[in-house]
Protein chains: 2
Amino acid sequence: MATGRNHRPATRSRGIPEATVARLPLYLRALTALSERSVPTVSSEELATAAGVNSAKLRKDFSYLGSYGTRGVGYDVEYLVYQISRELGLTQDWPVVIVGIGNLGAALANYGGFASRGFRVAALIDADSSMTGKQVAGIAVQHVDDLETIIDTNGVSIGVITTPGGAAQQVCDRLVAAGVTSILNFAPTVLTVPEGVDVRKVDLSIELQILAFHEQRKAAEELAQEPPSAAGLPAASEGRRGDQGPDGDIPAVMPA
Amino acid sequence: MATGRNHRPATRSRGIPEATVARLPLYLRALTALSERSVPTVSSEELATAAGVNSAKLRKDFSYLGSYGTRGVGYDVEYLVYQISRELGLTQDWPVVIVGIGNLGAALANYGGFASRGFRVAALIDADSSMTGKQVAGIAVQHVDDLETIIDTNGVSIGVITTPGGAAQQVCDRLVAAGVTSILNFAPTVLTVPEGVDVRKVDLSIELQILAFHEQRKAAEELAQEPPSAAGLPAASEGRRGDQGPDGDIPAVMPA
DNA sequence: CCATCTTTGTGCACGCGTTCACAAAGACAT
DNA sequence: ATGTCTTTGTGAACGCGTGCACAAAGATGG
């Protein structure tokens with residue numbers, strides 16, 4: 001995603017593989033839970049199951065950060081929490097703006113998981129004038145006209161876009177021009193940004209479509225395994241699928 | 001993310017690589033846009049830029065579905081829309097339940113991108129009795145006590161969890177027991193499910209943490225390259241420059 | 001101090017996904 | 001028909017991520 005031009009070959013940021021970075025927050029959450037239960041140390045095996053990953057993978061991930069474990073014992077929970085937090089940059093304050101205060105924007109504004117991890121909602125911005133001044137999650141919504149000023153005075157470098165698809169690119173451009181260098185995009189649009197700006201995309205409908213694919217596949221498999229019971233229409237159309245259908249193609253069939 | 005035991009070995013569902021499946025919805029969206037503009041055919045190069053990917057990758061992706069293009073011309077838009085829709089199982093109706101009608105649940109219920117792609121919100125479910133009967137997105141919220149009945153009578157196989165983290169596993173268990181085999185989880189929890197159930201996770205705070213990591217890295221690099229000038233506030237970046245942003249794109253959204 | 005036991009850290013092999021680069025296929029003009 | 005031009009489809013190479021399996025490191029007990 002991101003730029004319209006092609007990207008570099010899966011950059012390894014400072015030696016830490018992207019895949020590992022993506023898992024660090026997962027470990028952090030599991031560790032935080034342990035910390036709250038005052039558990040002093042944890043083995044790679046335990047932590048791995050808590051985070052839902054393979055223990056070898058976890059150890060390798062940690063090895064990129066340095067050697068923070070003790071053989072025969074495990075990892076010191078508090079120390080690891082600190083190290084991962086530091087690595088992810090969560091020891092500092094990240095002011096964030098949310099643009100587009102519909103249901104989703106409001107949901108994010110209310111989401112507790114942010115504040116607890118160094119993210120502070122600095123401002124809520126919407127294009128609808130009738131929203132301006134309204135309180136959402138205890139914060140007054142501001143008008144999009146003031147976007148640049150807001151970014152500037154708050155030193156915001158991370159922006160969240162929850163506008164309709166049509167407005168996203170335009171908002172993105174303004175955010176970037178105002179100095180934002182990281183964008184979390186919830187709009188169903190491919191954003192084009194200049195070099196040096198990071199974009200991450202969360203697309204609700206895409207996730208569902210991927211699930212549907214697997215769901216369909218499961219249904220088809222089940223049907224195929226089933227004995228010659230009356231599976232829907234018995235007689236069956238003659239050789240359907242005239243030309244297309246990559247070979248062993250099982251047409252769509254609904255389960256449930 | 002499922003834990004029970006590990007899942008099929010990164011299964012290539014029916015020969016189509018996971019990575020490709022994850023991109024199909026992206027292509028579909030771009031194609032739909034073209035279709036609405038009555039564009040008859042499109043080349044791999046054009047479609048690739050519209051979808052934000054590499055053209056070679058796109059062609060290879062399509063090659064898994066079969067040979068639907070015409071050399072020297074490109075792909076027939078309408079035909080491709082149909083083929084991908086069919087492949088993803090979007091030609092059929094998928095009833096979906098959303099459990100946990102807070103801000104996020106409401107946002108999803110209102111999200112237009114669902115209905116247009118074969119997904120139908122069959123029911124909204126919440127544990128709070130005072131919510132029961134309330135209309136959200138034109139649908140009456142039902143109580144979680146009736147969860148099993150709702151799943152059963154509507155033939156639901158896909159569930160969306162937007163509850164607080166604490167309730168997620170419990171809800172998940174009930175959904176699965178009632179017959180749901182695909183779950184989209186927005187709660188910040190690692191779900192454990194039996195074999196054969198797919199879970200995809202969307203974690204808002206994880207996405208932000210990944211952005212923070214890269215943001216911090218960019219700031220650090222800039223600082224390192226900068227002459228010993230006072231670099232002001234760490235967060236408020238200023239000097240835009242043609243550096244490289246990481247783009248190896250590993251979504252925090254994981255397959256089960 | 002030595003033996004044993006636990007758990008980390010990592011070398012290695014394997015497989016998936018990406019990308020390049022090009023031959024084959026078809027369109028189109030002459 | 002024949003030649004030229006465009007664009008697909010794919011063989012092959014490469015790089016990243018994963019997981020196994022084990023040696024090294026430290027804890028613990030006698």
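If you're wondering where the values come from, they're calculated on a predicted model, not measured in any experiment. We name chains A, B, ... by the order of the sequence lines, and we start the count at 1 in each one.
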Within residues 31-42 of chain A, find the residues that approach DNA chain D with a heavy atom at under 4.0 Å, and present them sorted by residue number. none
Taking all heavy atoms of B:Leu47 and all of B:Leu58, pick out the closest pair and write down the distance. CG-CD1, 3.7 Å
Among C:dG9, D:dT10, D:dG19, find the nucleotide with the atom closest to the side chain of A:Lys57. D:dG19
Under-3.5 Å donor-acceptor pair between B:Lys60 side chain and C:dT18 base: no
Provide, to the nearest angstrom, the distance between the CG atom belonging to B:Leu47 and the P atom belonging to D:dT8. 10 Å
Starting at atom CD of B:Glu45, determine the distance to atom C1' of C:dC20, rounded to an integer number of angstrom. 14 Å
Determine whether a donor-acceptor pair (N or O, by modelled atom type, separation under 3.5 Å) exists between the side chain of A:Gln170 and the backbone of A:Ala167. no
Look at all strands and tell whether A:Phe62 reaches a base, only sugar-phosphate, or nothing, counting heavy atoms closer than 4.0 Å. nothing
Without decimals, in angstroms, what is the distance between A:Leu58 CG and C:dT8 P? 9 Å
Would you mind telling me which of B:Tyr27, B:Tyr82, B:Phe62 makes a ring pair (Phe, Tyr, Trp, His ring centres under 6.0 Å) with B:Tyr75? B:Phe62
Any B:Tyr75 side-chain nitrogen or oxygen under 4.0 Å from OP1 or OP2 of C:dG26: no
Which pair of heavy atoms, one from A:Thr32 and one from A:Arg117, lies closest together, and at what distance? OG1-NH2, 4.4 Å
How long is the span from the NZ atom in B:Lys201 to the CD1 atom in B:Ile161, to the nearest 0.5 Å? 12.5 Å
Looking only at N and O atoms, is any donor in the side chain of B:Arg71 or the base of D:dT8 less than 3.5 Å from an acceptor on the other one? yes
Provide, to the nearest angstrom, the distance between the CZ atom belonging to B:Arg59 and the P atom belonging to C:dC20. 11 Å
Can you measure A:Tyr64 atom OH to C:dT10 atom P for me and round it to whole angstrom units? 10 Å
Does some side-chain heavy atom of B:Pro25 sit less than 4.5 Å from a side-chain heavy atom of A:Glu207? no
Please pick, from C:dG26, D:dG17, C:dG9, the nucleotide with the shortest atom-to-atom distance to any side-chain atom of B:Thr70. C:dG26
Could you check B:Ile98, B:Leu104, B:Val99 and say which one makes a side-chain contact (heavy atoms from CB on, under 4.5 Å) with B:Thr163? B:Val99
Proximity to the side chain of B:Ser44 - top-ranked nucleotide from C:dC20, D:dG17, D:dT8: D:dT8
Without decimals, in angstroms, what is the distance between A:Asn54 CG and D:dA21 C1'? 12 Å
Roughly, in whole Å, what's the span from CG in A:Asp61 to C1' in C:dG9? 13 Å
Toward the 5' end of DNA chain D, by each residue's nearest nucleotide, A:Ala56 or A:Val73: A:Ala56
Rounding to an integer number of Å, can you tell me how far A:Arg23 CZ sits from D:dC16 P? 15 Å
Which nucleotide in the set D:dG17, D:dG9, C:dT18 lies at the smallest distance from any side-chain heavy atom of B:Ser67? D:dG9
